[in-house]
S.K.: 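Got a structure for you, questions after.
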There are 2 protein chains.
Amino acid sequence: MREKLEKYYSFVFEKELIDEIVQVGVYKKLRENEILVDLGDKMKGIPLLLEGAIKIVREDKNGEEILLYFLERGDTCASSFASAISNGKCGIRATAEKESEIIFLPKEKLDEWMLKYKSWRNFVIESYNIRLNEMMETIDSLAFMNMSERLYKYLTDKAQIMRETSLNTTHQDIAYDMHTSRVVISRLLKQLENEGKIKLHRNKIEILEF
Amino acid sequence: MREKLEKYYSFVFEKELIDEIVQVGVYKKLRENEILVDLGDKMKGIPLLLEGAIKIVREDKNGEEILLYFLERGDTCASSFASAISNGKCGIRATAEKESEIIFLPKEKLDEWMLKYKSWRNFVIESYNIRLNEMMETIDSLAFMNMSERLYKYLTDKAQIMRETSLNTTHQDIAYDMHTSRVVISRLLKQLENEGKIKLHRNKIEILEF
DNA sequence: ATTATTTTGTGATTTACATCACTTAATTTA
DNA sequence: TAAATTAAGTGATGTAAATCACAAAATAAT
């Protein structure tokens with residue numbers, strides 16, 4: 001745990017803070033598709049992502065989903081931070097897209113560290129900024145792009161987060177994330193394949209052009 | 001300035017902090033439609049809204065707009081905070097929807113106060129949370145609602161922010177905010193009128209049902 | 001190996017919204 | 001007061017995406 005913490009966070013956190021994190025943080029390994037945070041959960045702390053990829057989705061009353069963004073190593077979940085500090089509920093679901101490793105930080109420390117460590121203050125603010133910007137990008141996609149453009153962005157974004165050039169996924173799963181139907185995704189994927197940007201296989205999409 | 005500050009912020013900030021704000025804050029009155037923050041601006045501080053209503057919009061490369069959310073008294077612009085602290089650019093435009101009053105806080109103080117005042121830390125975190133939640137609501141609207149529902153939500157939300165039951169606006173302005181065409185808005189408004197939810201006038205929309 | 005299940009492909013149809021083209025009404029300006 | 005401008009109403013048509021219905025592969029289960 002200390003090793004990975006130092007690998008990804010030594011440029012972010014002071015040494016003393018890393019020491020504290022090692023002491024109070026709870027290491028956890030997440031299986032693929034394991035739910036880390038669910039709708040309405042009250043967070044008792046926040047996760048710091050050491051390795052892997054986490055998908056953050058929003059769900060409405062009818063159980064329909066829309067992807068908000070992905071987290072990768074070095075990220076934290078700003079929504080949890082909010083929820084942890086204010087004792088409020090979390091409006092999102094966080095699912096491990098692949099096996100991941102996190103450190104869970106107890107909420108009691110969150111405010112304490114704000115006083116003690118400038119690097120922590122920066123990290124918190126920076127995390128919120130990144131998340132606000134991701135949300136704006138999501139809004140841009142929904143408001144300004146058509147399905148084909150959104151789909152291509154989805155594929156390339158996800159490939160980057162997963163650090164792979166092929167994605168192991170079904171058309172139906174993509175449709176859930178993008179809040180559309182499988183038929184639409186299948187047709188647009190075929191179109192992207194014809195344009196030479198991707199190559200389709202069963203349960204797998206190769207991305208040829210980034 | 002002190003008077004309004006105490007009126008809306010005395011339950012939020014410690015007395016000492018209010019004193020400091022009075023000392024270093026710059027009071028500014030905004031005319032209707034005055035631009036407070038524009039795309040790409042580098043913020044030298046953040047605005048604290050004393051009175052009025054501010055519209056926050058996102059713009060894409062083609063100059064097309066989409067409304068993100070409104071600010072009202074007691075709010076601050078989290079996006080500016082981000083930009084001010086990190087010296088980065090602001091990805092939004094903020095326009096006064098009606099005559100408004102703000103206090104501009106210089107960025108040098110922002111981090112200093114994080115150390116000194118717990119109420120300030122809470123306020124900053126709380127502001128980010130509110131903004132994240134507003135963005136999620138915007139995403140919900142775009143992803144899950146049809147135009148008619150979005151329009152009705154737009155009207156009632158805006159009426160609430162403006163503290164009026166009628167809005168002085170044109171169909172075209174609404175179309176800009178919602179990133180659609182005037183024709184579509186006119187038709188849907190007529191429909192809402194037939195349902196008895198609103199009453200249409202030239203340059204004015206009365207909301208009959210909230 | 002045969003059957004069942006999951007995944008993908010594809011035609012046909014519907015619908016919400018976008019776009020075009022033009023009219024009517026209200027308001028402002030000359 | 002007439003002309004110009006701005007705001008709103010409305011028919012016709014186009015189009016992206018949603019929905020329905022079913023077929024064809026690929027894979028998993030028996």
Side-chain angles (χ1 to χ4, degrees), chain A residues 32-33 60 62-67 138-155 158 166-207, chain B residues 32-33 60 62-67 138-155 158 166-207:
Chain A
E32 190 172 333
N33 294 322
D60 80 344
N62 313 322
E64 304 190 276
E65 286 189 6
I66 181 92
L67 172 73
T138 305
I139 291 172
D140 286 350
S141 304
L142 288 168
F144 305 131
M145 288 162 76
N146 64 24
M147 274 285 172
S148 181
E149 294 169 314
R150 280 178 58 202
L151 176 57
Y152 187 61
K153 177 171 167 27
Y154 172 92
L155 295 173
K158 183 158 177 181
S166 325
L167 300 175
N168 292 302
T169 178
T170 66
H171 300 183
Q172 182 62 69
D173 286 339
I174 298 176
Y176 284 140
D177 281 354
M178 294 184 55
H179 191 249
T180 179
S181 71
R182 197 271 311 166
V183 183
V184 170
I185 294 296
S186 290
R187 288 195 169 115
L188 293 174
L189 281 172
K190 183 58 68 184
Q191 205 179 290
L192 289 174
E193 185 175 45
N194 290 337
E195 293 167 14
K197 293 181 177 167
I198 60 173
K199 189 151 184 354
L200 298 176
H201 310 268
R202 191 184 167 92
N203 285 317
K204 186 176 157 191
I205 300 170
E206 252 181 278
I207 294 154
Chain B
E32 189 173 331
N33 295 321
D60 80 343
N62 313 323
E64 304 189 275
E65 284 190 7
I66 181 94
L67 172 73
T138 305
I139 290 173
D140 286 350
S141 303
L142 288 168
F144 304 131
M145 289 162 77
N146 64 25
M147 274 285 172
S148 181
E149 295 169 313
R150 280 178 58 201
L151 176 57
Y152 188 61
K153 178 170 166 27
Y154 171 91
L155 295 173
K158 182 158 176 183
S166 324
L167 301 174
N168 292 302
T169 177
T170 66
H171 300 184
Q172 181 62 70
D173 286 339
I174 298 176
Y176 285 139
D177 280 354
M178 294 184 53
H179 191 248
T180 179
S181 72
R182 197 270 312 165
V183 183
V184 169
I185 294 296
S186 290
R187 288 195 169 117
L188 293 174
L189 282 173
K190 184 56 69 185
Q191 205 178 288
L192 288 173
E193 186 175 46
N194 291 337
E195 294 168 13
K197 294 181 178 168
I198 61 173
K199 188 151 184 356
L200 298 175
H201 310 268
R202 191 185 167 93
N203 285 316
K204 185 175 156 193
I205 300 171
E206 252 182 278
I207 294 153

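Sequence lines set the chain letters: A, B, ... in the order given, protein chains first and strands last, and positions in each chain run from 1.
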S.K.: Would you please name every residue forming a ring pair (Phe, Tyr, Trp, His ring centres under 6.0 Å) with A:Y176, sequence neighbours left out?
M.R.: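 Ring pair (Phe, Tyr, Trp, His ring centres under 6.0 Å) list for A:Y176, sorted by chain: empty.
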S.K.: Is B:N62 reaching over with its side chain to a backbone N or O of B:E64, donor-acceptor style, under 3.5 angstrom?
M.R.: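 No; zero donor-acceptor contacts below 3.5 Å.
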S.K.: Residues in salt bridge (Lys or Arg N to Asp or Glu O under 4.0 Å) with B:K190, at least two apart?
M.R.: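 Counting only residues at least two positions away or on another chain, B:K190 forms a salt bridge (Lys or Arg N to Asp or Glu O under 4.0 Å) with B:E193.
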S.K.: Which residues satisfy the side-chain hydrogen bond (donor to acceptor under 3.5 Å, both in side chains) test with A:N168, sequence neighbours excluded?
M.R.: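 Counting only residues at least two positions away or on another chain, A:N168 forms no side-chain hydrogen bond (donor to acceptor under 3.5 Å, both in side chains).
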S.K.: Using the test side-chain hydrogen bond (donor to acceptor under 3.5 Å, both in side chains), find all partners of A:E32 that sit at least two apart in sequence or belong to another chain.
M.R.: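 With sequence neighbours excluded, A:E32 shows a side-chain hydrogen bond (donor to acceptor under 3.5 Å, both in side chains) to no residue whatsoever.
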S.K.: List in chain and number order the residues that pass side chain to side chain contact (heavy atoms under 4.5 Å, CB included) with A:S148, two or more places apart in sequence or in another chain; answer none if no residue qualifies.
M.R.: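 For A:S148 the side chain to side chain contact (heavy atoms under 4.5 Å, CB included) partners, ignoring immediate neighbours, are A:N146, A:L188, A:Q191, A:L192.
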S.K.: Which residues satisfy the ring pair (Phe, Tyr, Trp, His ring centres under 6.0 Å) test with B:H171, sequence neighbours excluded?
M.R.: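 Expected list: none.
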S.K.: Give the B/S/- string for nucleotides 6-16 of chain D, one per nucleotide from 5' to 3', where a protein heavy atom under 4.0 Å of the base yields B, of only the sugar-phosphate yields S, and otherwise -.
M.R.: BSBBBBB----
S.K.: Got a sec, which residues hit side-chain hydrogen bond (donor to acceptor under 3.5 Å, both in side chains) with A:Y154, two or more places apart in sequence or on another chain?
M.R.: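 Applying side-chain hydrogen bond (donor to acceptor under 3.5 Å, both in side chains) to A:Y154 gives A:D177.
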S.K.: For the helix from C:dA1-D:dT30 to C:dA30-D:dT1, figure out the bend between the end axes, five pairs an end, and round to 10 degrees.
M.R.: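 Inter-axis angle at the ends, rounded: 30°.
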S.K.: Using chain B heavy atoms and a threshold of under 4.0 Å, write down where along DNA chain C the contacts begin and end, 5' to 3'.
M.R.: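 The contact span of chain B on DNA chain C goes from C:dC17 to C:dT27.
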S.K.: Restricting to salt bridge (Lys or Arg N to Asp or Glu O under 4.0 Å), what partner residues turn up for A:E195, sequence neighbours left out?
M.R.: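 With sequence neighbours excluded, A:E195 shows a salt bridge (Lys or Arg N to Asp or Glu O under 4.0 Å) to A:K197, given in chain and number order.
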S.K.: Applying side chain to side chain contact (heavy atoms under 4.5 Å, CB included), name anything that partners B:S181, two or more places apart in sequence or on another chain.
M.R.: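 Expected list: B:V183, B:V184.
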